[in-house]
Asker: 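What follows is a structure written as structure tokens; I'll ask about it next.
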There are 2 protein chains.
Amino acid sequence: MDKRTQIFEAALKLFVEFGFHGTPTSKIAQEAGVANGTLFHYFPTKDDLIIALFKDTKGKMNNYVADNSVIENSLKGILKGQYLSALYWAMDNKLEFRFIEQFKTSPYLTKIVSEEMEKHLNPLIEMLQKGVIDRIIKDLPIDLLLTIISSQIYGLNNYLVNNDFSKAKQHQIISDTFDLLWEMISLKAVE
Amino acid sequence: MDKRTQIFEAALKLFVEFGFHGTPTSKIAQEAGVANGTLFHYFPTKDDLIIALFKDTKGKMNNYVADNSVIENSLKGILKGQYLSALYWAMDNKLEFRFIEQFKTSPYLTKIVSEEMEKHLNPLIEMLQKGVIDRIIKDLPIDLLLTIISSQIYGLNNYLVNNDFSKAKQHQIISDTFDLLWEMISLKAVE
DNA sequence: AAATTTGTAGAGTGTTTAGTCAGTCTAATG
DNA sequence: CATTAGACTGACTAAACACTCTACAAATTT
């Protein structure tokens, strides 16, 4: 494993446990099994490391969701696919997800260009817009829909992490809560 | 205004802007218009200050919600009252709410006894349990219901903060999203 | 094989930090 | 008025910190 990756893994672990400023670069280097100077060879400053780690981690999550979310081609199916895969990823990458949460509520967030951070949402946004036009989804602002969806994902993840369910039970809860979510945002067919 | 309060206000402002470890105690004292030593007269360590500030802030929010949430005496009315007042408080106390969020995703959270933090939820929990028994609310674990409700509150707050709506528009969105939430968790009456 | 670039090391540096301490000020009490 | 106790001060300190620098090793290019 190359040293850059070792540094990432060590930083991730320590940041989640002690916070950004609570973790000295020397500890990161030590945990990574790397000299102090080596860390600064790869990342000019500690802030650069933090931001690079966030982009890398968020990118991995986005890629996973993009690659594992096609169940069926309906809007509901695609949305469900993204909901499930985001939560599966979060359950399998607890440290990474906690790090993302921590970063997002930290003052570091302002240092990231938000456009680049959210371009992965574009396909989803287009689908939601189409869903509104086709009267599948309630006529709400797309931003608001995204907010409702993603906050339920974040909240549910915390619920799953704080409880010790079996894999099967977890999957069932994830699926059930998606149905609740869908019920909330979709329009009932006129009968 | 007494110095303890001045220190709280200065710390709140700086923590939200620069993070916990990004804010030196000397800056807090300076911003509060107080000598360095005074800070340590009130709070033995910086950690003590952070934790005391969190308990104080969370307490204020809980009290506000408890005192301003009675609309009508039905389960739906009480829940709506809490939903509305939590969001109104968050809109009027943006710094405080951001601080709570930041604290909750930080490693400091583990330093707080969770029972004492959540006892204010007990009345709500009892009502939800009764709601389930009375077949007003879907038969879901109470923890899960709480998670869904509170994550929607947190998410919606971010949505409102990131957009610049008028007060009236804000209130309308808050009310509308409560209806969505209620639709999601309530049982339809059998017709 | 020589030259050059790139990766790695770890001791060293100047600064910043949380927390201390010795003592002053204020206001209440006897 | 004298005494006392708690609030308050800010200079001080020991430790910790982000980052630098010099040196050497390994890989890559010429």
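Below, chains carry the letters A, B, ... as their sequence lines are ordered, and counting in each starts from 1.
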Asker: Looking at B/G19 and B/Q102, what are the two nearest heavy atoms and their distance?
Answerer: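 The pair with the smallest heavy-atom distance is CA-NE2, 3.5 Å.
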Asker: Say whether, by atom type as modelled, one donor and one acceptor occur between the side chain of A/Q152 and the main chain of A/L180 under 3.5 angstrom.
Answerer: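 Looks like no, no N/O pair under 3.5 Å.
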Asker: If you take all heavy atoms of A/M184 and B/E183, which pair is closest and at what distance?
Answerer: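 Distance-wise, the nearest heavy atoms are O-OE1, 4.5 Å.
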Asker: Could you tell me whether B/D92 and B/K167 make a salt bridge, using a distance below 4.0 angstrom between a side-chain N and a carboxylate O?
Answerer: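 A salt bridge is present here (some side-chain N lies under 4.0 Å from a carboxylate O).
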Asker: Evaluate the ring planes of A/F178 and A/W182, with Trp represented by its six-membered ring, and classify them as parallel (under 30°), tilted (30 to 60°) or perpendicular (over 60°).
Answerer: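 Parallel: the ring planes of A/F178 and A/W182 meet at under 30°.
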Asker: Any salt bridge linking A/K27 with A/E17? Criterion: basic side-chain nitrogen under 4.0 Å from a carboxylate oxygen.
Answerer: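 Result for this pair is no, no salt bridge flagged.
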Asker: How many Å lie between CG on B/L39 and C1' on D/dG10, as a whole number?
Answerer: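 Taking CG of B/L39 and C1' of D/dG10, I get 13 Å after rounding.
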Asker: Chain A on DNA chain C: first and last contacting nucleotide, 5' to 3', under 4.0 Å to a heavy atom?
Answerer: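 Using the under 4.0 Å cut-off, the span is C/dG7 to C/dG10.
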Asker: Any side-chain donor-acceptor pair under 3.5 Å between A/N157 and A/E101?
Answerer: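 Their side chains do not contain a donor-acceptor pair, so the 3.5 Å distance test is not met.
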Asker: Any Lys/Arg nitrogen of B/K13 or B/E31 sitting under 4.0 Å from an Asp/Glu carboxylate oxygen of the other?
Answerer: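 Result for this pair is yes, salt bridge flagged.
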Asker: Would you kindly give the NE2-to-P distance between A/H41 and D/dA23, to the nearest whole Å?
Answerer: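 Atom NE2 in A/H41 sits about 19 Å away from atom P in D/dA23.
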Asker: So that I can tick it off, tell me whether B/K111 and B/D48 are bridged by a salt bridge, with the cut-off set at under 4.0 angstrom between side-chain N and carboxylate O.
Answerer: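 No, no charged N to carboxylate O under 4.0 Å.
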Asker: Separation of B/R4 atom CZ from D/dG6 atom C1', in whole Å?
Answerer: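 Roughly 16 Å, once rounded to whole Å.
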Asker: The side chain of B/A35 lies closest to which of these nucleotides: D/dC19, D/dA7, D/dT9?
Answerer: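 When the side chain of B/A35 is considered, D/dT9 is the closest of D/dC19, D/dA7, D/dT9.
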Asker: Which word best sums up how the rings of A/F20 and A/F99 line up, parallel for under 30°, tilted for 30 to 60°, or perpendicular for over 60°?
Answerer: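 Perpendicular.
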Asker: Using heavy atoms and a sub-4.0 Å distance, could you list which residues of residues 13-30 of chain A are near DNA chain C? By number, please.
Answerer: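 Listed by number, there are none.
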Asker: Please tabulate the protein-to-nucleotide N/O contacts below 3.5 Å involving nucleotides 11-13 of chain D, giving atom names and distances.
Answerer:
none

